[in-house]
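A short worksheet on the structure shown next.
Each residue takes its place number in the sequence, starting with 1.
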Amino acid sequence: MRRWGIRARVLFVALAPSVLILSALVSYFTYAMIVEVDVALARQGVALARQLAPGAEFALFAGDRVALQHMADAAAKEANVIEVAIFDAAGQVLARGGRATTHTEDVLRFRQPVVQTQLPTPEVRDPPGVPAPALGEIAVAISRGAAHAEQQRLLMIGLVLGAACLALAVGLAAFIGNSVVRPVRELAEAMQTLGRGQPVAPLPLPGGGEFRTLAAGFNDMADRLQADTEALQRRIDAATRALKAQKEAAEQATTAKSRFLAAASHDLRQPLHAIGLFSATLERRARGTGLEPVVRDLAQAVAVMERLFESLLDIAKLDSGTIEVDAQPVPLARVCGQIEAEQADAARDKGLRLALRPGPHAVVGDELLLHRLLGNLVANAIRYTHAGTVLVACRPRGAFVRIEVRDSGIGIAADKQAEIFEEFYQVDNPARDRSRGLGLGLAIVARIARLLGTQVTVRSQPGCGSVFSLRLPRAYTAPAVDAGKVPADAETLEHGAALTVLVVDDDPLVLAGNRALLEELRCTVVTVTDGDAAVRALEALRGQPVLALCDLWLPKRESGVDVLRRLAALTDAPFSGIVISGDTRPETIQVVKAAGLTLLHKPLAASKLRALVMQFAWQVRAATGRRA
């Protein structure tokens, strides 16, 4: 009953008393009438027996059996009478009317004695208390079949009457209930409609009473609420238009910022690239002179500026969502070889052992993003390790390859291990010494890991070193690894590689910076500004091994990719083409990668440029059997 609605409750209240009263009345009167049938039958039997007794007195006294038989036959013709028997005083049957009854019949039996009537005479008086002598007995058997039929008829009448009264009560209760429920239901439906924010028609006002007051109050409330809703909707529409205008303005600002960032990135990378090359050249030439400390500080400041610029641009690109992951099989040996060439100088300068153990494994991922992730982890490990080893180990784990970067550095406390992946956070560097990094390397690592669909975890204890690890899907087929691992030996660094390097760029500062640094490495340097000049220069070199460093965009929108293809088709000697550009757009990366060329971004660190020279030198040695 707790879950009943108002309609069910009202009908129950209206119907229950009526049903109880009607049921009681119909049951009582039906029972009384059924009992009255039995009483009337019994009265009939008693009255018939009493009527026969006086009439049979004389015939019994006279022994007139014929008269007794006529009397019995006449009485047996009465309704419901089955048998009438007349007995003498000795119990002998003198007359029998009707038919004999059986033991299975439902009958009522009545007996009435026939006594001798005493004539009052003054001479003869009976003693007091002495009963008159009995002459015989009248026996009457009455059938109850008719009574049963009458009782069943009365019962059916009672049931029909009860059903009719019940139907009348239900109809009356429904009418009364609907008169109560209808206004309440209309009010509930109107409230639901109003709750959904839809317009509500005014409720009809009943004749009077509380329902009229309730309907009038709801209509007034609905009018005010709808007016407030319309006012609120107008305010929402105005706010939506304002937000839309602000969104469009923000999108325009974002587009303008992206254009500015792209332009600033390209324009700033050019001079930064040249400054880095010049500072590296100046640092080598100032060794052993009085200018060495100043030049070393200058080179350090330039390196910090380059790292900060590169890291900020990386953070902006990763957060903008414009970088698309090109998942391909990547041999880890190739990635580790490039990282070893780039980080060997930094490890050697600190007296550390840099060991990379890629094994024959390959993973599914974006090679450029994976290279940047592992490069940042290795650089971070070298920065915070003062003695010992930095190890990169790759181990298969089922369908994955686990890559670990281990170091024997200062370690990280457990409560700080989550913070190291935040921007500008550095362990044990409260003074913000820029020579110890910028605090962006691990923030970039975390973002790249999310793009690659993995997560970098860390295990570390203060004073016991750290282990950074990640898992990538294992690739069971991978492209062949480039031959000729590059050992960063002291002989190559000191005596140069004796290579011919062709630099193609339209920026004079970049050409001058490349020339200065490459000549320090004992390279023959040829600088040109466009593709035609590069073709003429290569033809003049007459089949010598050439390393070509070409800008991506040259004058007259000439593509560096096309220039390198032309150059590669002109010579049969060992030739390697590297695209160097300040354009970091994803579509640019895809174009260079589709051409099968290596893309490096400006500003290019001097150590990486030296690594390229050494790598080509060892490739030439492997191909020709002689030092380049």
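The OG1 atom of Thr527 sits 9.0 Å away from the CG atom of Asn514 when rounded to the nearest 0.5 Å. The structure places CG of Leu511 at 8.0 Å from CG of Asp506, a figure rounded to the nearest 0.5 Å. Taking CG from Leu332 and CG from Leu472, the interatomic distance works out to 8.0 Å, rounded to the nearest 0.5 Å. Rounding to the nearest 0.5 Å gives a distance of 4.5 Å between CG of Leu374 and CD1 of Ile339. Note: Asp505 CG to Leu552 CG = 10.5 Å, rounded to the nearest 0.5 Å. Atoms NZ and CD, from Lys593 and Gln328 in turn, are 7.0 Å apart once rounded to the nearest 0.5 Å.
Residues forming a side chain to side chain contact (heavy atoms under 4.5 Å, CB included) with Cys336 (at least two apart in sequence, or on another chain): Leu356, Pro358, Val392. Here Lys247 pairs with Glu251 under the salt bridge (Lys or Arg N to Asp or Glu O under 4.0 Å) rule; sequence neighbours left out. Not a single salt bridge (Lys or Arg N to Asp or Glu O under 4.0 Å) links Arg471 to another residue, sequence neighbours left out. For Ala327, the side chain to side chain contact (heavy atoms under 4.5 Å, CB included) test picks out Val364, with sequence neighbours left out. Not counting sequence neighbours, Arg474 has no partner by the salt bridge (Lys or Arg N to Asp or Glu O under 4.0 Å) test. For Asp237, the side chain to side chain donor-acceptor pair (under 3.5 Å) partners at least two apart in sequence or on another chain are Gln233. Partners of Gln455 according to the side chain to side chain contact (heavy atoms under 4.5 Å, CB included) rule, which considers only residues two or more places apart in sequence or in another chain, do not exist here. Evaluation of the side chain to side chain donor-acceptor pair (under 3.5 Å) rule for Glu367 yields Arg334 as partners, not counting sequence neighbours. With sequence neighbours excluded, no residue satisfies side chain to side chain donor-acceptor pair (under 3.5 Å) with Thr385. The side chain to side chain donor-acceptor pair (under 3.5 Å) check on Gln544 picks up Thr500, with sequence neighbours excluded.
At a threshold of 4.5 Å between non-hydrogen side-chain atoms, the residues Arg357 and Cys394 do not count as touching. Here the side chains of Leu442 and Phe468 are in contact, with some heavy-atom distance below 4.5 Å. Side-chain contact between Ser581 and Leu599 is present, with at least one heavy-atom pair separated by less than 4.5 Å. The side-chain heavy atoms of Leu600 and Val579, taken from C-beta on, include no pair separated by under 4.5 Å.
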Evaluation steps, side chain to side chain contact (heavy atoms under 4.5 Å, CB included), between Glu248 and Leu243
CA-CA 8 Å; Glu248 291 175 354; Leu243 287 175; over 6 Å; no
After noting the C-alpha distance and the side-chain angles of Leu597 and Leu564, does the key distance pass the side chain to side chain contact (heavy atoms under 4.5 Å, CB included) rule?
CA-CA 9 Å; Leu597 298 172; Leu564 290 178; 3.9 Å; yes
CA sep, side-chain torsions, deciding dist, call: Val561, Val563, side chain to side chain contact (heavy atoms under 4.5 Å, CB included)
CA-CA 5 Å; Val561 173; Val563 172; over 6 Å; no
Set out, in order, the CA-CA distance, both residues' side-chain angles and the distance that settles side chain to side chain contact (heavy atoms under 4.5 Å, CB included) for Val526 and Val503, then state yes or no.
CA-CA 6 Å; Val526 179; Val503 183; over 6 Å; no
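Smallest separation of non-hydrogen atoms from Arg383 and Lys350: O-NZ, 3.1 Å. Here the closest non-hydrogen pair linking Val613 and Leu499 is O-CD1, 3.3 Å. The minimum heavy-atom distance between Gln343 and Gly375, with the atom names listed, is NE2-O, 3.9 Å. When every heavy atom of Gly359 is checked against every heavy atom of Ala333, the shortest pair comes out as O-CB, 4.3 Å. Phe616 and Phe575 make their closest contact through CE1-C, 4.0 Å (heavy atoms, listed as atom of the first residue, atom of the second, distance). For the residue pair Leu502 and Ala534, the shortest heavy atom distance occurs at CD2-O, 4.0 Å.
In this structure, Asp551 contributes its side chain and Leu554 its backbone to no donor-acceptor pair below 3.5 Å. No side-chain donor-acceptor contact under 3.5 Å links Asn380 to the backbone of Asn376. Remark: side-chain polar atoms of Thr389 are not paired, donor with acceptor, to backbone N or O of Leu391 under 3.5 angstrom. Looking at Arg447, its side chain does come within 3.5 Å of a backbone N or O of Ala443 through a donor-acceptor pair.
Here side-chain hydrogen bond (donor to acceptor under 3.5 Å, both in side chains) pairs that include residues 529-541, with residues two or more places apart or in two chains, are Asp532-Arg566.
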What donor-acceptor contacts under 3.5 angstrom involve side-chain atoms of residues 456-466, with partners at least two apart or in another chain?
from: Thr457; atom 1: OG1; to: Ser469; atom 2: OG; distance (Å): 2.9
from: Ser460; atom 1: OG; to: Ile412; atom 2: N; distance (Å): 2.7
from: Ser460; atom 1: OG; to: Gly465; atom 2: O; distance (Å): 2.9
from: Ser460; atom 1: OG; to: Ser466; atom 2: OG; distance (Å): 2.8

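Remark: Lys556 does not engage Glu558 in a salt bridge, criterion side-chain N to carboxylate O under 4.0 Å.
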